[in-house]
Structure formats: C-alpha cells, structure tokens
*Asks:* 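Starting off with a structure, shown below.
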Amino acid sequence: MTLSKRFKRTAGRIIAAACALACTMSLAACGQDEAGKIRIGIKFDQPGLGFKKSGTYVGFDVDVAKYIAKKLGYSEDEIIWREAPSKQREAMLQNGDVDMILATYSITDERKKAVSFAGPYFVAGQDLLVRKDDQSINGPEDLNGKRLCSVTGSTSAATVKEKFASEVQLMEQPGYAECATALFSGIVDAVTTDDIILAGLASASRGKLRVVGKPFTQEYYGVGIKKGDTQFATKINNAIVDMIQDGSWENAISDNTKGTNYTPDVRYNPPTPDEGEDA
C-alpha cells in the first residue's frame with residue numbers, strides 16, 4: 001500500500017470517528033435540551049389561533065396551551081413549540097414527537113381510533129367571512145351566484161354547496177391567508193371555515209373584513225394526546241375547567257379577536273371538558 005493510500009484511509013477513519021462522536025453528542029444535547037420540558041404542537045400559520053410571529057407564538061390555542069402547561073408545572077420557558085400541520089397530527093402523537101397538540105384539532109370518532117383527546121376547550125362553528133361593507137351576505141343561503149373560497153382539501157365549501165346554496169361558485173386556495181387576500185381584492189365574495197379562524201383573519205384585517213356570525217355546524221376542539229393516557233387527559237381537563245372559571249378563557253378569546261365583535265356560540269361555549277378520562 002502506498003503512503004498516499006494509507007494516509008487517505010487513516011484520514012477517512014479519523015473523519016468517520018469524529019462524525020460519529022459529533023452525532024452522538026448532538027443527540028445527547030437534543031435529549032438534554034428537552035429534559036424537563038413539555039413539547040406542544042400548534043399551528044404556525046393561523047392568525048388568532050396559532051401563529052409564529054418574529055420568533056414568538058401567539059393566538060388562542062397558544063394561550064390555552066400555556067395555561068395548561070402552567071397548571072402541569074411548566075413555565076413558558078419550558079415549552080417547546082412544534083408546528084403541527086393537519087395531516088401530520090396523529091403521526092406526531094403516535095411517534096412521540098409531541099406531548100400534546102392544540103391546533104384547531106376537532107374531536108372525531110375516526111381520529112380517536114389513532115389518538116386520544118382531552119377537552120374540548122372550545123366549540124367552533126362553520127361560518128362566513130365577508131367584506132365589512134357587504135350587507136348582501138348574511139348566511140350561507142345568500143351565496144347562490146356568489147364566489148366562495150376555502151382551502152384545498154377542506155370540506156367546508158362543499159358543505160355550503162350541498163346544503164345551502166347549490167349555485168355557489170367554489171374556489172380553492174392553499175391557505176386561509178390567500179383566501180382573505182382574494183376576498184380583499186374582490187376575486188371572491190366570501191370565505192368559509194370555523195368561525196374562530198375567521199375571527200382571527202378579521203382581526204388581522206384591521207376592520208376591513210367581518211364574520212357574519214351565524215354558525216351552521218359544530219366543531220369540538222380537543223387537546224390531542226397519546227392514545228389511552230386517561231390520567232393526562234384528566235389533568236388537562238382540570239386545567240381547562242380552571243381556565244374557564246377564573247376568566248382566563250374568556251380573556252384569551254377577547255385578546256385574540258380584537259376589533260371583530262366576535263362572540264362564541266353561547267349554546268355550546270364554554271364547553272364541558274370531559275373527554276378522554278375513560279379508558
């Protein structure tokens with residue numbers, strides 16, 4: 001073996017060993033960084049609910065998550081925020097990537113086959129967002145001949161077309177921010193999804209958009225947790241009860257929907273959090 005080849009082989013082994021050591025130290029550091037902390041999944045792109053803003057996280061879901069975490073014994077500095085896209089929520093809980101998820105996560109029988117829920121901490125209802133000066137739309141029945149926006153993959157717009165306005169024209173956008181932009185510019189006449197999501201968009205519009213305020217479905221938002229963890233569900237539910245009773249729940253809604261005159265449907269809110277306590 002030539003000196004050159006021997007050098008290359010020895011150097012290669014040294015580099016490989018260094019890389020392995022670095023990986024080991026990195027993994028240890030990651031584990032150490034998460035020790036004594038709670039990992040919470042939220043949305044990063046929903047104004048008023050879960051929104052990443054200049055390195056901080058704001059919204060109603062965030063406020064509820066912080067309150068629950070505090071009751072569980074964690075300070076805000078001990079929360080690790082993880083983005084929880086809708087299609088990945090069950091997998092994140094099953095894989096142990098997060099301890100809980102608050103991300104406009106509706107409690108359904110289908111989802112409960114894979115994960116468990118605590119809560120509900122809020123009951124939303126499908127509603128409409130329109131331009132503030134548009135008085136022609138006061139409910140889903142007024143959408144015949146109008147253009148309605150919702151996000152790709154959502155069933156909200158189809159529900160309107162099937163049940164209320166068969167002649168509505170549907171448009172899909174990749175996100176609700178894009179739908180709001182289309183509404184601003186007159187490309188569509190209304191946007192539909194859960195009312196509290198629309199209230200967040202209306203608040204961000206600085207008075208240019210309004211929520212109609214006539215919800216026509218119910219969506220029970222729960223705290224997603226690993227399947228079967230009844231003790232954890234009970235602790236979370238107790239925290240939600242405390243949040244409702246001490247006024248923090250109502251304050252969180254008001255703070256995150258400023259300028260919209262939004263009021264949750266009092267027929268269902270505040271809810272009774274009793275999900276997930278039975279095995």
Side-chain angles (χ1 to χ4, degrees), residues 34 37-53 56-108 111-112 114-125 176 193-200 218-227 229 232-244 246 248-257 264 268-277:
E34 293 186 359
K37 297 185 178 182
I38 188 167
R39 302 158 303 162
I40 304 178
I42 57 170
K43 291 291 180 71
F44 282 10
D45 60 354
Q46 284 188 340
L49 286 153
F51 194 71
K52 186 176 182 180
K53 182 179 181 182
T56 62
Y57 304 92
V58 295
F60 177 66
D61 283 352
V62 174
D63 289 343
V64 176
K66 287 178 179 178
Y67 191 99
I68 292 171
K70 184 177 181 181
K71 287 291 183 176
L72 294 174
Y74 298 94
S75 67
E76 289 189 24
D77 292 338
E78 293 172 328
I79 298 173
I80 297 173
W81 301 106
R82 296 264 167 84
E83 185 172 17
S86 296
K87 292 183 179 180
Q88 298 177 23
R89 291 177 296 201
E90 284 82 30
M92 290 177 72
L93 289 166
Q94 290 173 325
N95 296 337
D97 297 327
V98 292
D99 299 300
M100 60 183 181
I101 292 179
L102 293 89
T104 58
Y105 200 6
S106 296
I107 301 169
T108 69
R111 287 171 177 160
K112 285 197 284 186
V115 300
S116 291
F117 287 93
Y121 62 90
F122 187 79
V123 183
Y176 290 111
T193 187
D194 296 350
D195 54 0
I196 194 166
I197 298 175
L198 298 177
Q218 291 81 49
E219 299 290 338
Y220 290 76
Y221 288 176
V223 181
I225 59 175
K226 198 164 187 176
K227 188 166 178 63
D229 196 341
F232 195 34
T234 300
K235 291 178 181 178
I236 293 170
N237 287 342
N238 290 339
I240 296 170
V241 169
D242 289 344
M243 187 176 189
I244 291 169
D246 71 16
S248 299
W249 181 88
E250 187 173 354
N251 290 339
I253 292 174
S254 299
D255 290 344
N256 291 292
T257 59
Y268 307 102
N269 286 291
T272 301
D274 56 8
E275 187 70 38
E277 297 185 10

*Asks:* Can you name the nearest heavy-atom pair linking A103 to Y121, along with the distance?
*Replies:* N-OH, 4.1 Å

*Asks:* Can you give me the closest heavy-atom contact between L93 and M100, atom names plus distance?
*Replies:* CD2-CA, 4.2 Å

*Asks:* Using every non-hydrogen atom in the two residues, find where Y67 and S248 come nearest and quote the distance to one decimal.
*Replies:* CE1-OG, 3.6 Å

*Asks:* Which heavy atom of N256 sits nearest to which heavy atom of G59, and what is that distance?
*Replies:* OD1-CA, 3.2 Å

*Asks:* Hey, are E275 and K112 close enough for a salt bridge, meaning a charged N less than 4.0 Å from a carboxylate O?
*Replies:* yes

*Asks:* When you check the gap from the basic side-chain N to the acidic O, do E78 and K37 get nearer than 4.0 Å?
*Replies:* no

*Asks:* Does R111 reach the main-chain N or O of S116 with its side chain, forming a donor-acceptor pair under 3.5 Å?
*Replies:* no

*Asks:* If you draw a 6.0 Å radius around NZ in K235, do more than 12 non-hydrogen atoms from other residues or ligands fall strictly inside?
*Replies:* no

*Asks:* Closest approach of V62 and I42, non-hydrogen atoms and distance?
*Replies:* CG2-CD1, 3.8 Å

*Asks:* With no hydrogens and no angle check, just 3.5 Å: does a side-chain donor-acceptor pair link D45 and Y176?
*Replies:* no

*Asks:* Establish, from distance only, whether the side-chain atoms of E83 and Y57 form a donor-acceptor pair under 3.5 Å.
*Replies:* no

*Asks:* Any side-chain donor paired with an acceptor under 3.5 Å for D274 and N237?
*Replies:* no

*Asks:* Any donor and acceptor pair, going by atom type alone, linking the side chain of D195 with main-chain N or O of G125 inside 3.5 Å?
*Replies:* yes

*Asks:* Might you work through the salt bridge (Lys or Arg N to Asp or Glu O under 4.0 Å) test for E90 and K226, ending with a clear yes or no?
*Replies:* CA-CA 9 Å; E90 284 82 30; K226 198 164 187 176; over 6 Å; no

*Asks:* Can you confirm whether K43 sits close enough to S86 that some side-chain heavy atom of one is under 4.5 Å from a side-chain heavy atom of the other?
*Replies:* yes

*Asks:* What heavy-atom pair brings P271 and V123 nearest, and what distance separates the two atoms?
*Replies:* CB-CG2, 3.9 Å

*Asks:* Check step by step if side chain to side chain donor-acceptor pair (under 3.5 Å) holds for E219 and Y105.
*Replies:* CA-CA 9 Å; E219 299 290 338; Y105 200 6; over 6 Å; no

*Asks:* Answer yes or no: is there an ion pair linking R39 with D97, defined by an N-O contact shorter than 4.0 Å?
*Replies:* no

*Asks:* Determine yes or no for a side-chain-to-main-chain donor-acceptor pair under 3.5 angstrom, with D194 supplying the side chain and I197 the backbone.
*Replies:* no

*Asks:* Test side chain to side chain contact (heavy atoms under 4.5 Å, CB included) on Y220 and S106 and set out the steps.
*Replies:* CA-CA 5 Å; Y220 290 76; S106 296; over 6 Å; no

